[in-house]
Amino acid sequence: DLYLCVLDEESVEEAEKMAGDLRSDGVRVVVDTTLRKIAKQIKVAEKKSIRHFACVGSDEIKSGKLSLKNIKTRDESQVPIKKIAKKITS
């Protein structure tokens, strides 16, 4: 499971595309396009018992990597977007 927050309006379309690709790989994804503060979005993910959290913005799109956070353990790592599904499902 992944809670994907969007950091800016310009990244909404790419985040939705990313979510679609991840869903095709069997990952359940919630996309939050409200542009709320990250701390509030993490709280929403915790309430929904979603295990992983990542944000998508222009920097992440350019680098091709997301900072993937395990909400329970608080571990965080930089993961190439193409390897997110494998990281979450392993």
Side-chain angles (χ1 to χ4, degrees):
D1 293 353
L2 175 65
Y3 190 98
L4 202 56
C5 82
V6 181
L7 298 175
D8 51 54
E9 292 209 17
E10 296 79 26
S11 303
V12 170
E13 189 175 321
E14 185 64 28
E16 293 287 356
K17 180 185 175 301
M18 213 178 287
D21 292 345
L22 288 165
R23 289 181 184 120
S24 295
D25 290 336
V27 177
R28 291 181 292 186
V29 183
V30 173
V31 180
D32 189 329
T33 59
T34 62
L35 306 178
R36 291 180 286 189
K37 291 183 179 181
I38 294 172
K40 287 187 178 187
Q41 293 187 55
I42 289 173
K43 286 183 182 179
V44 171
E46 286 174 331
K47 285 181 184 176
K48 293 184 176 198
S49 299
I50 297 174
R51 206 167 115 201
H52 294 93
F53 184 89
C55 292
V56 178
S58 55
D59 291 343
E60 290 76 14
I61 293 168
K62 285 178 193 169
S63 72
K65 293 182 179 181
L66 295 182
S67 183
L68 184 66
K69 182 174 191 166
N70 183 313
I71 293 177
K72 287 186 179 183
T73 66
R74 302 288 187 208
D75 287 339
E76 195 167 341
S77 58
Q78 291 288 318
V79 180
I81 293 170
K82 295 183 186 277
K83 295 186 178 183
I84 294 282
K86 186 175 182 176
K87 176 84 172 175
I88 289 174
T89 57
S90 63

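Quick caveat, the model's predicted, so the values are computed rather than measured. Basis for what follows: all heavy atoms, side chains included, without hydrogens, waters or symmetry-related copies.
- Pairs of residues two or more places apart, or lying in two chains, that qualify as disulfide bond (SG atoms under 2.5 Å apart) and include a residue from residues 19-84 are C5-C55.
- The list of disulfide bond (SG atoms under 2.5 Å apart) pairs with a residue in residues 57-90, not counting sequence neighbours, is empty.
- The two residues A54 and L68 make their nearest non-hydrogen contact at CB-CD1, 4.3 Å.
- The disulfide bond (SG atoms under 2.5 Å apart) contacts involving residues 15-54 comprise nothing, where partners must be two or more places apart or lie in separate chains.
- Shortest non-hydrogen contact noted between L35 and Q41 is C-NE2, 4.2 Å.
- Cluster membership check: V30 shares its hydrophobic cluster with I38, using side-chain heavy-atom separations under 4.5 Å among Ile, Leu, Val, Met, Phe, Trp and Tyr.
- Applying the salt bridge (charged side-chain N to carboxylate O under 4.0 Å, His left out) test to every pair with at least one member in residues 32-45, sequence neighbours left out, gives these pairs: D32-R36.
- Tracing side-chain contacts under 4.5 Å through hydrophobic residues (I, L, V, M, F, W, Y), one reaches I42 starting from L7; they form part of the same cluster.
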Contacts under 3.5 angstrom, residues 79-87 side chains, donor-acceptor by atom type, not counting sequence neighbours:
none

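- Pairs of residues two or more places apart, or lying in two chains, that qualify as side chain to side chain donor-acceptor pair (under 3.5 Å) and include a residue from residues 10-23 are D8-S11, K17-D21.
- Applying the ring pair (Phe, Tyr, Trp, His ring centres under 6.0 Å) rule to pairs touching residues 62-90 yields nothing, sequence neighbours excluded.
- For the side chain to side chain contact (heavy atoms under 4.5 Å, CB included) test, residues two or more places apart in sequence or in another chain that qualify with S63 are K65.
- Residue pairs meeting the ring pair (Phe, Tyr, Trp, His ring centres under 6.0 Å) criterion with at least one member in residues 71-90, sequence neighbours excluded, do not occur.
- Rounding to the nearest 0.5 Å gives a distance of 6.5 Å between CD1 of I88 and CG of L22.
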Donor-acceptor pairs under 3.5 angstrom involving side-chain atoms of residues 44-52: please list them, not counting sequence neighbours.
unit_1: E46; atom_1: OE2; unit_2: R74; atom_2: NH1; d: 3.3
unit_1: E46; atom_1: OE2; unit_2: R74; atom_2: NH2; d: 2.9
unit_1: H52; atom_1: ND1; unit_2: D1; atom_2: O; d: 3.4

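- Contact check for V12 versus V31: no side-chain heavy atoms found under the 4.5 Å cut-off.
- Taking the side-chain hydrogen bond (donor to acceptor under 3.5 Å, both in side chains) definition, one finds that S77 meets it with nothing, sequence neighbours left out.
- Screening residues 61-90 for disulfide bond (SG atoms under 2.5 Å apart), with sequence neighbours left out, gives no hits.
- Of the residues listed (L66, L2, V6), the one engaging M18 in a side-chain contact (heavy atoms from CB on, under 4.5 Å) is L66, and it is the only one.
- One distance of note links CG of N70 with CZ of F53; it measures 12.5 Å at 0.5 Å rounding.
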